[in-house]
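Below: the structure, in structure tokens.
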Number of protein chains: 2
Amino acid sequence: MGIIRKTKSVKTLLNEFNKNSSAISVTELITRLNSKFNKTTIYRVLDKLEDDGVLHSFLGKNGLKWYAKCNGCTADNHSDVHPHFQCLDCGKVDCLSINITLPKIPNRKIDLAQFLIQGQCDECLT
Amino acid sequence: MGIIRKTKSVKTLLNEFNKNSSAISVTELITRLNSKFNKTTIYRVLDKLEDDGVLHSFLGKNGLKWYAKCNGCTADNHSDVHPHFQCLDCGKVDCLSINITLPKIPNRKIDLAQFLIQGQCDECLT
DNA sequence: AATATAATGCAACATAGTTGCAATAAAAAA
DNA sequence: TTTTTTATTGCAACTATGTTGCATTATATT
Ligand SMILES: [Mn+2]
Ligand SMILES: [Mn+2]
Ligand SMILES: [Zn+2]
Ligand SMILES: [Zn+2]
């Protein structure tokens, strides 16, 4: 079930994601909003925003959970099958709007795929 | 640093991986060998076997750590950049010997990539 | 303003993984 | 074979991420 009431925590979290287009890890959000909201609230709001098709989640380095804004998703129609890029220098994570071609695998049904690419981002390269 | 002494735990763990070619999660190994070895030992031996190029590790569903046998790797030359497939029905994880073509990303340097595909395995399909 | 209930905070819990240190066991030396 | 060296182990305590139940609070509706 998604979000029903526009509470302070919902507005604050949405605001964090509107600052720029980068993904944000849950631990980073908890650190940032530590004084304002309980971590349980943050986990729950993020979960609902994902249900609503506002955010999508994925696992970054070390299996940490990250969230990023969706692009034209709705509650019934999520389509966030794109690779993610994590910079090993600064830690920043971005969604890559690249069409990844899933390999054909005999005798197996593919439901979903997650692709995490690691290296150095544009800013850290120079 | 890798393995120096062929201890019971080393032999036992290698034996687990020689039963078949599937990957094994650390938690599964801890459960299996619970009565014989401490979990700390298991974590440490796996870590060393990876250093030696005997096993390689990756993250499966929920960010859990999995290990699988390497194929012709040495301590100085690991090359385990292949996709992994996890069955959502039985949980089994396999290495896919498929050559994945990394997408070209402008202004970024790619160091490594992990590709986890989820769905149904051959056995669970029928 | 009164009501219904979604959302929150808190404490307690679950699980994966790590660390320091004393005790043990494998390999080398005697 | 016995002694010595030190790599490895077990244990307990810890860190970190994430979850759950329940009483309290805040939002939206009447
Ligand atoms: Mn994304
Ligand atoms: Mn593999
Ligand atoms: Zn960077
Ligand atoms: Zn299966």
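Computed from a predicted model, the values in this text were never measured in an experiment.
- As rounded to whole Å, 16 Å separates atom P of dT17(D) from atom CG of Leu64(B).
- A continuous path of Ile, Leu, Val, Met, Phe, Trp and Tyr side chains, each step under 4.5 Å between heavy atoms, connects Ile98(A) with Ile100(B), placing both in one hydrophobic cluster.
- The separation between Lys65(A) atom NZ and dT17(D) atom P is 14 Å, rounded to whole Å.
- Within the structure, the ring pair (Phe, Tyr, Trp, His ring centres under 6.0 Å) test picks out the following pairs touching residues 94-126 of chain A (sequence neighbours left out): Phe115(A)-Phe115(B).
- For residues 27-40 of chain A, proximity to DNA chain D is found at Thr27(A), Lys39(A), Thr40(A), defined as any non-hydrogen atom under 4.0 angstrom from a strand atom.
- The distance from atom CE of Met1(B) to atom C1' of dA7(D) is 8 Å, rounded to the nearest whole Å.
- One interatomic measurement links the two molecules: NZ of Lys61(B) to P of dT15(C), which rounds to 15 Å at whole-angstrom precision.
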Check residues 101-114 of chain A and write down every donor-acceptor pair under 3.5 Å in which the side-chain atom is one partner and the other belongs to a residue at least two apart or another chain.
residue, atom, partner, partner atom, Å
Lys109(A), NZ, Asp111(A), OD1, 2.5
Gln114(A), NE2, Gln118(B), OE1, 3.2

Below 3.5 Å between N/O atoms, which protein atoms pair up with nucleotides 2-6 of chain D? Just atom names and distances, please.
residue, atom, partner, partner atom, Å
dT6(D), O2, Arg5(B), NH1, 3.3
dT6(D), O2, Arg5(B), NH2, 3.1

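- The separation between Tyr67(B) atom OH and dA16(C) atom C1' is 12 Å, rounded to whole Å.
- Evaluation of the side chain to side chain donor-acceptor pair (under 3.5 Å) rule for Asp89(A) yields Gln120(A) as partners, not counting sequence neighbours.
- Nearest-nucleotide mapping onto DNA chain C: of Ile4(B) and Gly63(B), the residue sitting toward the 5' end is Gly63(B).
- Across the protein-nucleic acid pair, Tyr43(A) atom OH and dA7(C) atom P stand 20 Å apart, rounded to whole Å.
- The list of salt bridge (charged side-chain N to carboxylate O under 4.0 Å, His left out) pairs with a residue in residues 56-70 of chain B, not counting sequence neighbours, is empty.
- Atom-to-atom, CG of Leu13(B) to P of dT8(D) comes out at 13 Å; the value is rounded to the nearest Å.
- Contact check of residues 44-58 of chain B against DNA chain D (heavy atom, cut-off under 4.0 Å) returns Arg44(B), Val45(B), Lys48(B).
- Rounding to whole angstrom units, CG of residue Asn62(B) and P of dA14(C) are separated by 18 Å.
- Checked against salt bridge (charged side-chain N to carboxylate O under 4.0 Å, His left out), Lys19(A) has the following partners two or more places apart in sequence or in another chain: Glu16(A).
- Side-chain N/O atoms of Thr7(A) include none lying less than 4.0 angstrom from OP1 or OP2 on dT27(D).
- Through chains of ILVMFWY side-chain contacts below 4.5 Å, Phe58(B) is grouped with Leu64(B), Trp66(B), Val93(B).
- Taking the salt bridge (charged side-chain N to carboxylate O under 4.0 Å, His left out) definition, one finds that Glu28(A) meets it with Arg32(A), sequence neighbours left out.
- Residue Val54(B) is found in a hydrophobic cluster whose other members, listed by chain and number, are Ile3(B), Val10(B), Leu13(B), Leu14(B), Phe17(B), Ile24(B), Val26(B), Leu29(B), Ile30(B), Leu33(B), Phe37(B), Ile42(B), Tyr43(B), Val45(B), Leu46(B), Leu49(B), Leu55(B), Tyr67(B); membership requires side-chain heavy atoms under 4.5 Å apart, directly or through intermediates.
- Not counting sequence neighbours, Asp47(B) has no partner by the salt bridge (charged side-chain N to carboxylate O under 4.0 Å, His left out) test.
- Summarising the local packing, CG of Asp122(B) is surrounded by more than 12 heavy atoms from other residues, nucleotides or ligands at distances under 6.0 Å.
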